[in-house]
Amino acid sequence: MKKFFTAVLISGIALSLCGCGNGNPKQIKSVDTAIGTVVQQSIYSTERDDWERSAVTGEITAMLKSMEEQELSWRLESSEVFRINESAGTEKGFLLSSDLQEILQRSLEVGSASEGAFDITLSPVVRLWNMDSWAAGELSGNYVLPEPEALQQALSLCGSKRLRIEENRAFLPAGMAIDLGAVGKGIAADKIHNFLCRNDKITGAIISVGGTVLTYGEKPDKTSWQVGVVNPIEPAEFIGILSLEGQWCVSTSGDYERYVEVDGVRYHHIINPATGFPADSGVAGVTVLSKDGFLSDALSTACFVLGAEKGMQLAEQYDAEVLFVKQDGTVVMTEGMEKVYRRAQ
Ligand code: AMP
Ligand code: MG
């Protein structure tokens with residue numbers, strides 16, 4: 001009994017000493033761009049040294065930039081995705097890193113679970129629409145829509161069932177290419193999460209990478225994290241707020257994020273692989289909640305294409321929660337989402 005008390009006492013002293021040494025968490029904030037989107041960070045750290053504390057946000061941005069250069073960019077010659085695409089049609093294929101192999105395998109898995117609604121081989125169609133030149137709210141006077149024949153030709157070069165992965169190698173038929181735009185922000189959130197876990201001075205963080213938000217740990221005042229759900233019909237406003245405890249990933253896909261308007265018709269960036277046209281499933285925005293950033297991001301895109309009914313079933317398969325804002329402004333969500341959601345005032 002005495003031994004037990006001594007042990008508790010000693011560990012108590014050790015804990016309080018540790019608390020003294022670290023001090024109270026202080027907030028560090030930054031806004032930057034990486035992987036083609038805005039990265040907003042708010043991190044709480046007990047690091048006493050001001051310089052060391054604020055270096056963390058820079059390290060995270062640098063990590064994302066390197067991930068883009070080394071792995072995810074379809075544009076940069078240095079990236080694995082670029083080199084996989086370059087290897088299309090060759091017998092040797094491309095030798096994958098373990099990270100990329102996992103990303104591709106998981107993408108194919110979501111592709112088949114969504115019956116093709118999610119497809120990382122849509123690159124020929126995405127490039128034909130020239131989506132990278134679009135920005136939210138841009139009214140493009142001189143944008144020319146793809147010709148139907150060109151669209152059919154591009155579509156004939158898509159279909160993730162034709163991407164083979166064998167013995168760490170990826171094999172794409174000639175003319176095909178992959179585009180990880182639908183999962184890049186979620187992969188980034190997972191990387192950031194691992195980074196935060198490795199730094200014992202960081203007690204809490206809320207970080208957004210475009211439409212994906214990562215929460216981690218806790219705030220010094222112990223109140224929950226508040227993540228706004230954008231109203232896709234009035235994107236300057238929130239339609240609701242999620243109150244979250246600890247680590248979560250929240251990804252949103254919406255028709256307001258990237259689009260062009262031609263003759264009063266909006267063409268947005270989420271493609272229905274069955275038609276090659278922007279998905280029109282009655283949904284204007286989808287928000288997915290999961291512990292896993294890759295999944296939240298992949299599922300938000302897939303659920304946008306599938307629409308509310310089928311999208312809910314897909315999210316359930318992955319134990320993810322989902323919220324749909326339909327084009328008429330009505331909101332439907334899974335039970336688990338209801339528990340953390342409140343309507344914005
Ligand atoms: P997100 O904003 O996460 O929904 O991702 C949209 C991006 O993913 C687009 O800009 C395209 O690069 C790509 N994309 C578009 N439609 C699909 C789809 N059905 N499946 C997978 N990727 C897609
Ligand atoms: Mg996505």
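Values in this document were obtained by computation on a predicted structure and should not be read as measured data. One is the number of the first residue; the rest follow in order along the sequence.
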ring-ring contact (aromatic ring centres under 6.0 Å, His included) partner of Tyr267, the single match among Trp129, Trp134, Tyr259: Trp129
Nearest heavy atoms of Pro273 and Asp119, plus distance in Å: CG-CB, 4.1 Å
Residues Met333, Glu321; criterion side chain to side chain contact (heavy atoms under 4.5 Å, CB included); working and verdict: CA-CA 8 Å; Met333 66 190 98; Glu321 305 301 335; over 6 Å; no
Heavy-atom side-chain contact between Leu242 and Val229 under 4.5 Å: yes
Phe94 six-ring centre to Arg83 NZ/CZ under 6.0 Å and within 45° of normal: no
Thr33 and Val39, any side-chain heavy atoms less than 4.5 Å apart: no
Glu167 vs Arg169, salt bridge (Lys or Arg N to Asp or Glu O under 4.0 Å): CA-CA, chis, key distance, verdict: CA-CA 5 Å; Glu167 292 177 6; Arg169 287 188 171 272; over 6 Å; no
Neighbour count >12 (heavy atoms, 6.0 Å) for atom CD, Glu309: no
Lys326 atom NZ, over 12 foreign heavy atoms within 6.0 Å: no
Side-chain H-bond candidate by donor/acceptor type, Thr121 with Arg162, under 3.5 Å: no
More than 12 heavy atoms from other groups under 6.0 Å of NZ on Lys339: no
Side-chain donor-acceptor pair present, Ser97, Asp99, cut-off under 3.5 Å: no
Donor-acceptor side-chain pairing of Gln247 and Thr215 below 3.5 angstrom: no
Val227 and Trp248, any side-chain heavy atoms less than 4.5 Å apart: no
Distance-only donor-acceptor check, side chains Asp280 and Gln327, under 3.5 Å: yes
Flag side-chain contact, heavy atom, 4.5 Å: Lys26 against Arg53: yes
Qualifying residues under ring pair (Phe, Tyr, Trp, His ring centres under 6.0 Å), relative to Tyr44, sequence neighbours excluded: none
SB check Lys291 Asp190 (cutoff 4.0 Å): no
Asn272, Ile271, Val283 screened by side-chain contact (heavy atoms from CB on, under 4.5 Å) with Val305, the one that passes: Asn272
Any side-chain heavy-atom pair of Trp74 and Arg127 under 4.5 Å: yes
Within-4.5 Å side-chain heavy-atom neighbours: Cys197 and Tyr216: yes
Under 3.5 Å side-chain donor-acceptor pair for Thr252 and Glu257: no
Residues which pass ring pair (Phe, Tyr, Trp, His ring centres under 6.0 Å) with Phe294, listed by chain and number, not counting sequence neighbours: none
Phe304 to Ser281 - nearest heavy-atom pair and separation: O-OG, 2.6 Å
Between Thr223 and Asp221: side-chain donor-acceptor atoms closer than 3.5 Å: yes
Validation row: Val325, Pro232 side chains within 4.5 angstrom (heavy atoms): yes
Exceeds 12 heavy-atom contacts within 6.0 angstrom, atom CG of Asp263: no
Sole residue of Ser300, Ser296, Ser251, Ser253 in side-chain hydrogen bond (donor to acceptor under 3.5 Å, both in side chains) with Thr212: Ser251
Non-hydrogen side-chain atoms of Val213 and Ile206 separated by less than 4.5 Å: yes
